[in-house]
**Student:** 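One structure is given below, represented as structure tokens, and several questions about it will come after.
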Amino acid sequence: MPYARSGGELHVDGVPLARIADAVGTPAYVYSWPSVRDRYAELDTALDGTGQRICYSVKANGNLALLARLAKLGAGFDIVSGGELERVLRAGGDPSRVVFSGVGKSVEDIDFGIKCGIDAFNVESASELDRIESRARVIGRKARVSIRVNPDVDAHTHPYIATGLKENKFGVPADLAVELYRRAAASADLYVVGIACHIGSQIAQVEPFREALCGLLGLVDALGKFGIAVEHLDIGGGFGIVYEDETPLDLDALGQVLRATLGRRPAKLYVEPGRLLVAEAGILLTRVEYLKPAPAPGYRNFAVVDAAMNDLIRPALYGAWHAVDAVAPGGAPSKHWDVVGPVCETGDFLALDRELAVAEGDLLAIREAGAYGFSQGSNYNTRPRPPEVIVDEDGFTVARKRETVADLLRLEITTPERP
Ligand code: LLP
């Protein structure tokens, strides 16, 4: 475990969190690189024998230093925008190991992907296939495509992060996919490389992944009748982690089931994990500014901290639960606190009704914040985003500096001119 107590104080990989707070201030995101590296290795080992390629989903945490380290481990990347492709390139990632997902790819993003020679566009509609084909013709370079099918599998997860049901906007149904594959295979500008799907996020069971893979294999057979073969099967991401008391996804069982389901098929298996690799590695480090204990029965106890919903929106957006640890619990009496930020919204909370022994000035660690934390951050209330710190076994480095208000105002002018 990267986060552990020593002498009562919370450390990350042996470094006291208080020392990081002293060096960079609060709020701050802190990521344990050994934790990311070990999760990557664990998944890679579990999938052994499937011809696996791990395409890290950049949207979970696109910090350049993390991407660079993952690229060195041999990771591929799952991207959803030209901006994310730029990040991967900047981090030294190999574009020929990049898959590009998303329902609304722009002409600019498609052109960028084709010119970089990405491994696959995961195509989400007939119109997108037409657009990619025509851009490939203009550019004079074949585009590599997979069709993202919607396998109509229930991932048993939060409705906002379920993506594989037929009422969701993602992918195309399998019968339409066959038609699209026939068009793609007949095109001089497209090269069919795979079949893709992604059924949702924070999935704790193996069964939905088995069902999804079965769906893809059914399509492999249907395509075989038209002489169309694919090189890879991409089952997407969505591997769940433990925030509170969830059952952890059993990676070894997942690997076994996927191996058995694939059988002797020649196709390689691609996965697109985001959360699994980075969530547990990260915390949001924050300091208590004020305590507002309940003045009378019926009121609540508020611990007002210096981090807010703009830094970590998951609790406000999904009602997500993140554990909160006092970094160095002192002698304060233990009470139930709502941990809230300074933003002017009642929804600005990081945790509700948590038993904590805290005093003003104390540090808190909001746990499992490495995925969809910083990457979903905003500047609401003109709050500069926090720095990102990466911890190694031998110390820590600032991988992204704290934003300044000047950074936020840079693109604005007080007397706008009409174009
Ligand atoms: N591949 C595709 C096509 C995706 O849409 C996603 C996530 C992933 C891979 C990675 O999923 P993961 O392995 O991280 O579950 N903001 C939400 C999660 C949104 C996930 C969106 N798509 C949250 O904070 O829980």
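Just so you know, ligand 1 is whichever comes first in the structure, and atom 1 is the first atom listed for that ligand. Computed from a prediction, not measured in an experiment: that's the story for all the values here. For reference, positions follow the sequence shown, starting with 1.
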**Student:** Looking at ligand 1, would Phe170 count as a contact under a 4.0 Å heavy-atom criterion?
**Tutor:**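 So Phe170 does not count as touching ligand 1.
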**Student:** Using a strict cut-off of 4.0 Å, indicate which atoms of ligand 1 neighbour a heavy atom of Ser101.
**Tutor:**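 Atoms satisfying the 4.0 Å criterion: 3 (C).
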**Student:** Check whether any heavy atom of Leu276 sits under 4.0 Å from an atom of ligand 1.
**Tutor:**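 Outside the 4.0 Å threshold, so no.
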**Student:** Only one of Ile390, Leu312, Ile366, Val389 passes side-chain contact (heavy atoms from CB on, under 4.5 Å) with Tyr29; say which it is.
**Tutor:**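 The residue from Ile390, Leu312, Ile366, Val389 that satisfies side-chain contact (heavy atoms from CB on, under 4.5 Å) with Tyr29 turns out to be Leu312.
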**Student:** Would you say the side chains of Tyr31 and Glu388 form a donor-acceptor pair under 3.5 Å?
**Tutor:**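 Yes, a side-chain donor-acceptor pair sits under 3.5 Å.
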**Student:** Does any donor atom in the side chain of Glu403 or Asn379 lie under 3.5 Å from an acceptor atom in the other side chain?
**Tutor:**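 There is such a pair between these side chains.
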**Student:** Are any side-chain N or O atoms of Arg144 and backbone N or O atoms of Asp119, one a donor and one an acceptor, separated by less than 3.5 Å?
**Tutor:**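 Indeed, once roles are kept as given, a pair shorter than 3.5 Å links the two residues.
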**Student:** I'd like the name of whichever of Glu124, Gln202, His198, Arg314 reaches closest to atom 25 (O) of ligand 1 through any heavy atom.
**Tutor:**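 Going through Glu124, Gln202, His198, Arg314 one by one, Arg314 has the nearest heavy atom to atom 25 (O) of ligand 1.
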**Student:** Is the contact between Ile203 and ligand 1 made by the side chain, the backbone, both, or neither, using heavy atoms and a 4.0 Å cut-off?
**Tutor:**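 None of Ile203 does.
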**Student:** Check each atom of ligand 1 against the heavy atoms of Gly274 and keep those under 4.0 Å away; list them by number with element.
**Tutor:**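 Close to Gly274: 12 (P), 13 (O), 14 (O).
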**Student:** Please list, in number order, the atoms of ligand 1 under 4.0 Å from a heavy atom of Gln376.
**Tutor:**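 Counting atoms of ligand 1 from 1, those under 4.0 Å from Gln376 are 16 (N), 24 (O).
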**Student:** Considering Glu272, Arg148, Arg275 one by one, which has a heavy atom nearer to atom 2 (C) of ligand 1 than any of the others?
**Tutor:**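 Shortest heavy-atom distance from atom 2 (C) of ligand 1: Glu272.
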**Student:** Heavy-atom contacts with Gly237 under 4.0 Å: which atoms of ligand 1 show up? List them by number with element.
**Tutor:**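 It comes down to these atoms of ligand 1: 9 (C), 13 (O).
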**Student:** For Asp338 and Val340, indicate whether the former's side chain and the latter's backbone hold a donor-acceptor pair under 3.5 Å.
**Tutor:**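 No.
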**Student:** Would you check if Tyr372 and Ile313 make a side-chain contact, meaning some heavy-atom pair closer than 4.5 Å?
**Tutor:**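 They are not in side-chain contact.
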**Student:** Closer than 4.0 Å to some heavy atom of Pro273 - which atoms of ligand 1 meet that?
**Tutor:**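 Within the 4.0 Å cut-off of Pro273, ligand 1 contributes 13 (O).
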**Student:** Any chance the side chains of Tyr380 and Glu345 put a donor and an acceptor closer than 3.5 Å?
**Tutor:**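 Present: a donor and an acceptor within the cut-off.
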**Student:** Which of the atoms of ligand 1 are close to Gly238, meaning less than 4.0 Å from one of its heavy atoms?
**Tutor:**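 In order of number, 11 (O), 12 (P), 13 (O), 15 (O).
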